[in-house]
Amino acid sequence: AVPLGVALGRSPSLATACEPVINAIYAIPPVAFVPFLIVWFGLYFEGRVALVFLMCFFEVLINAQQGARNVDHGLLETAESFGVRGLRLYSKVVIPAALPFIFTGLRVGIGRAVNAMITAELFFAAVNVGKLLKSSGNAFDTASMFGIILSVSLFGLVCQEATRLAERRLLPWHHQGAT
């Protein structure tokens with residue numbers, strides 16, 4: 001999602017060609033793709049990975065695109081005046097300037113990925129956490145269901161905080177004034 005988002009953000013013609021298709025696919029709830037994913041990838045690991053991919057891809061893509069689109073023109077002009085062009089322009093200016101947007105997309109995408117994991121566990125063959133959740137629900141064991149949901153929530157929180165920590169370490173200039 002990140003390379004495609006950066007390419008769409010920096011190329012107006014590519015964005016004009018691709019955005020209608022991306023917006024149309026993004027408007028469809030990912031759960032609607034479950035029957036197709038089952039046919040294409042099966043009930044187990046590959047189908048689940050495909051659903052997780054679908055549910056978080058667009059958040060990362062859209063944020064990366066906006067980050068690349070909103071690079072300060074002064075930075076681009078300065079780099080070009082020093083002869084920085086092509087891939088070097090992307091690696092030295094565009095991607096570093098877009099990183100705060102990209103990390104925002106990653107944090108949102110991680111939340112959606114955890115959501116997708118549970119959705120995949122419930123819609124595909126019930127194994128692992130989905131099996132525990134379904135069996136607890138069938139037994140009307142609300143304490144176990146809340147325990148499972150709390151565990152998954154804590155996992156999602158740990159993943160988001162790890163991403164936030166990585167962002168602070170990789171982008172110290174972005175968080176110097178933030179509390």
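Throughout, numbering of the chain's residues begins at 1 and tracks the sequence. Computed from heavy atoms alone, side chains included, the values below leave out hydrogens, waters and symmetry copies.
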Give a yes or no answer on whether the side chain of Gln65 reaches the backbone of Gly9 with a donor-acceptor pair at less than 3.5 Å. no
A quick test of your reading: do over 12 heavy atoms of other residues, nucleotides or ligands sit less than 6.0 Å from CD1 of Ile28? yes
Would you call Val6 and Val94 a side-chain contact if the rule is heavy atoms closer than 4.5 Å? yes
Closest non-hydrogen contact found for Asn63 with Gly105 is ND2-CA, 3.5 Å
Is it true that Glu167 and Arg164 have a side-chain N and a carboxylate O under 4.0 angstrom from each other? no
Between Val2 and Leu170, is there a shared hydrophobic cluster once you connect ILVMFWY residues whose side-chain heavy atoms come closer than 4.5 Å? yes
Tell me every residue that passes side chain to side chain donor-acceptor pair (under 3.5 Å) with Ser13, counting only those two or more places apart in sequence or in another chain. Ser11
Rounded to the nearest 0.5 Å, the CZ atom of Arg48 sits from the OG1 atom of Thr119 at a distance of 11.5 Å
Value for CG (Leu43) from CD1 (Ile38), rounded to nearest 0.5 Å, stands at 5.5 Å
Membership question, hydrophobic clusters at under 4.5 Å side-chain separation (ILVMFWY): are Phe36 and Tyr44 in the same one? yes
Within-4.5 Å side-chain heavy-atom neighbours: Met145 and Asp141: no
Output the distance between atom CG (Leu51) and atom CZ (Phe33), rounded to the nearest 0.5 Å. 10.5 Å
Side-chain heavy-atom pair Glu59, Tyr26 within 4.5 angstrom cut-off: yes
Nearest atoms (heavy-atom pairs only) where Val52 meets Ala116: CA-CB, 3.6 Å
What heavy-atom pair brings Pro20 and Ala15 nearest, and what distance separates the two atoms? CD-O, 4.3 Å
Treat each ILVMFWY residue as a node, draw an edge where side-chain heavy atoms are under 4.5 Å apart, and state whether Val71 and Phe103 are in one component. yes
In the structure I gave you, are the side-chain heavy atoms of Ile25 and Phe58 within less than 4.5 Å of one another anywhere? yes
What are the two closest non-hydrogen atoms of Arg85 and Glu80, and how far apart are they? NH2-O, 3.7 Å
Residues at least two apart in sequence or cross-chain that pass ring-ring contact (aromatic ring centres under 6.0 Å, His included) with Phe146, listed by chain then number, are none
Any chance you could measure Tyr90, atom OH, to Arg10, atom CZ, to the nearest 0.5 Å? 6.0 Å
Would you say Leu87 and Leu75 are hydrophobically clustered, going by side-chain heavy atoms of ILVMFWY under 4.5 Å? no
So CG of Leu89 and CD1 of Ile95: to nearest 0.5 Å the spacing works out to 10.0 Å
Atom pair OG1 (Thr163) and CG (Leu106), whose distance is rounded to the nearest 0.5 Å: 6.5 Å
Within the 4.5 Å heavy-atom criterion, are Glu161 and Val158 side-chain neighbours or not? no
How close do Ala98 and Gly67 get, counting heavy atoms only, and between which atoms? CB-C, 3.5 Å
Evaluate the side-chain proximity of Ser144 to Leu132: yes if any heavy-atom separation is below 4.5 Å, no if none is. no
Minimum heavy-atom distance between Cys18 and Leu8, given as atom pair plus value: CB-CD2, 3.7 Å
Is it the case that one hydrophobic cluster holds both Val84 and Leu76, taking links as side-chain heavy atoms less than 4.5 Å apart, direct or via other members? yes
